[in-house]
Structure formats: structure tokens, C-alpha cells
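Numbers here are sequence positions counted from 1.
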Amino acid sequence: MTDGPRSGCPINAAIEVVGDRWTLLVLRDVMFGDRRHFRQLQSLSEEGIASNILADRLRTLVEAGLLTRDDAGRGRRAAYSLTEPAIQLVPLLAHLGAWGLRHRPTTPELRVRAELLEAGGPELWQEFMAELRERHLGVPRPDTGRPTATERLAAAYAEAVAAARNDG
């Protein structure tokens, strides 16, 4: 990681942190998959990230202030948590997913969350961000009296996976 961006352009400054082929996928897995440990991130990666690449991306994300690393002590697994700047990437990931839905080939079970995020729009994104703040930062969220955004995303994914199994 360099001391500063190559230029004063905000897009460049953001791309220098999240613009490689793995960083946003690691953040996606922490956000949407609640994968907080190295082995979970590696073994459950749909894209098959190599351990050296994952270790590098996690180190870079911690240095960039998008993740924190909680060392649990000798013999215990370190846990990674999102920071507020990382949580604020939810709308970007929702837009990126919506673009992918329209312009790239996808599978039904892996596209369903992007469809739900697109349909739910900013209201759903804000609910999800509040849940992430509670889980990763300890900030209490208001109870809306309905299923959480996480529950709705997980249910849609489970339904799509079950449908794919029934079709196969």
C-alpha cells in the first residue's frame, strides 16, 4: 500500500483500495456471507481464492481501514470485522450487482440476492447496513417488527438453491 493515491481523483483513490479482482469479493463474503475467519473465507469462496491472495487482501483491507482484525489469542482464529467505511460500500455493491444482472451471465442461485437488493433499493440497503453496524460495530439497530434484511436475503438464496436442486 502506498502512502497516498496516484492522483487527487476520488475515483482513483477508491479504485486503488478496492479495484483489484479479489478485494470486493472478500468484502462481499464478509458482508453477505458473514464469513469472518480466514478458513471460512477461503473454503467457502465461490470463486476459489488462493490462500496467499486472501491473506494479502485481508492485510490490505485492514491497512486501508475497511476491516479490523481481532486476534483471539494463541491457538484461536482471528476474526475480521467490517468498519463503517466498508459498510458504506453496500450501495456500491448493490449497484455493481444490478449492473452484473443486466450485462453479464449469472446463475439463478447467485443472482437472487442482487435482484432482491436492486428491488429493495435504498431502504433495504439502509436496513442491511444497520444490521452490519450492529453485528460488526456493536451499534444497536431499531427493531422494525419484520424479518431482517439478512433474513430476507438468506431466505431468497435458500429458495433459489432449493429450486436449482429440484431442477437438476
Side-chain angles (χ1 to χ4, degrees), residues 9-62 64 66-67 79-136 141 144 146-168:
C9 172
I11 294 172
N12 172 69
I15 294 296
E16 286 186 11
V17 175
V18 298
D20 67 83
R21 71 186 314 173
W22 291 106
T23 300
L24 287 175
L25 296 177
V26 171
L27 288 171
R28 174 205 64 191
D29 289 349
V30 175
M31 281 181 193
F32 295 100
D34 199 30
R35 300 173 190 166
R36 312 267 305 265
H37 302 281
F38 184 92
R39 290 290 164 226
Q40 290 175 316
L41 286 161
Q42 184 185 29
S43 66
L44 299 174
S45 169
E46 286 86 357
E47 294 78 19
I49 190 168
S51 62
N52 62 323
I53 301 292
L54 177 58
D56 179 68
R57 292 318 177 272
L58 289 169
R59 186 173 33 260
T60 299
L61 286 164
V62 169
L66 295 176
L67 291 178
Y80 293 91
S81 295
L82 299 167
T83 63
E84 181 61 28
I87 292 169
Q88 290 180 19
L89 288 170
V90 166
L92 173 76
L93 290 173
H95 283 293
L96 197 57
W99 183 90
L101 288 171
R102 287 190 293 283
H103 302 290
R104 306 301 302 162
T106 59
T107 60
E109 59 273 16
L110 293 179
R111 70 182 281 127
V112 67
R113 286 183 283 209
E115 291 170 337
L116 188 59
L117 284 168
E118 182 177 34
E123 181 181 337
L124 180 59
W125 308 341
Q126 290 301 320
E127 287 179 45
F128 185 59
M129 290 166 69
E131 292 169 30
L132 291 173
R133 286 183 186 101
E134 182 176 57
R135 190 174 312 124
H136 291 265
R141 66 174 176 79
T144 62
R146 62 179 186 227
T148 66
T150 302
E151 290 167 341
R152 289 180 283 176
L153 291 166
Y157 176 71
E159 187 177 307
V161 168
R165 282 189 189 132
N166 291 336
D167 290 343

Close side-chain approach of [X] and [Y], heavy atoms under 4.5 Å:
X   : Y   : answer
L82 : L89 : no
I53 : D56 : no
L93 : L24 : yes
L61 : L27 : yes
I49 : L25 : no
V62 : R59 : no

[atom2] on [Y] to [atom1] on [X], rounded to 0.5 Å:
X    : Y    : atom1 : atom2 : answer
N52  : R57  : CG    : CZ    : 9.0 Å
R36  : D29  : CZ    : CG    : 13.5 Å
L66  : T60  : CG    : OG1   : 10.0 Å
L116 : L153 : CG    : CG    : 5.0 Å
T144 : R141 : OG1   : CZ    : 6.5 Å
I87  : R135 : CD1   : CZ    : 9.5 Å

Determine the minimum heavy-atom distance between [X] and [Y], stating which atoms define it.
X    : Y    : answer
L132 : M31  : CD2-O, 3.7 Å
F38  : A55  : CE1-N, 3.7 Å
T106 : G100 : CG2-O, 4.0 Å
E109 : A164 : OE1-CB, 3.6 Å
A50  : Q42  : C-NE2, 4.0 Å
A160 : P108 : CB-O, 4.0 Å

Looking at [X] and [Y], does any basic side-chain N land under 4.0 Å from a carboxylate oxygen?
X    : Y    : value
E47  : R28  : yes
R152 : E127 : yes
R102 : E118 : yes
E46  : R35  : yes

Would you say E131's side chain and T150's backbone share a donor-acceptor pair under 3.5 angstrom?
-> yes

Polar side-chain atom of W22 near backbone of L54 as donor-acceptor pair, under 3.5 Å =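 No, W22 side chain to L54 backbone: no donor-acceptor pair under 3.5 Å.
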
Could you give me the CA-CA distance, side-chain angles and deciding distance for L58 and L41, then say whether side-chain contact (heavy atoms from CB on, under 4.5 Å) is met?
-> CA-CA 10 Å; L58 289 169; L41 286 161; 3.9 Å; yes

Audit row: F128, T148, side-chain contact (heavy atoms from CB on, under 4.5 Å) steps and yes/no | CA-CA 8 Å; F128 185 59; T148 66; over 6 Å; no

So, do Y157 and F32 have ring centers that fall under 6.0 Å from each other?
->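 They do not qualify: ring centres at least 6.0 Å apart.
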
Over 12 non-hydrogen atoms of neighbours within 6.0 angstrom of CD in E159 = no

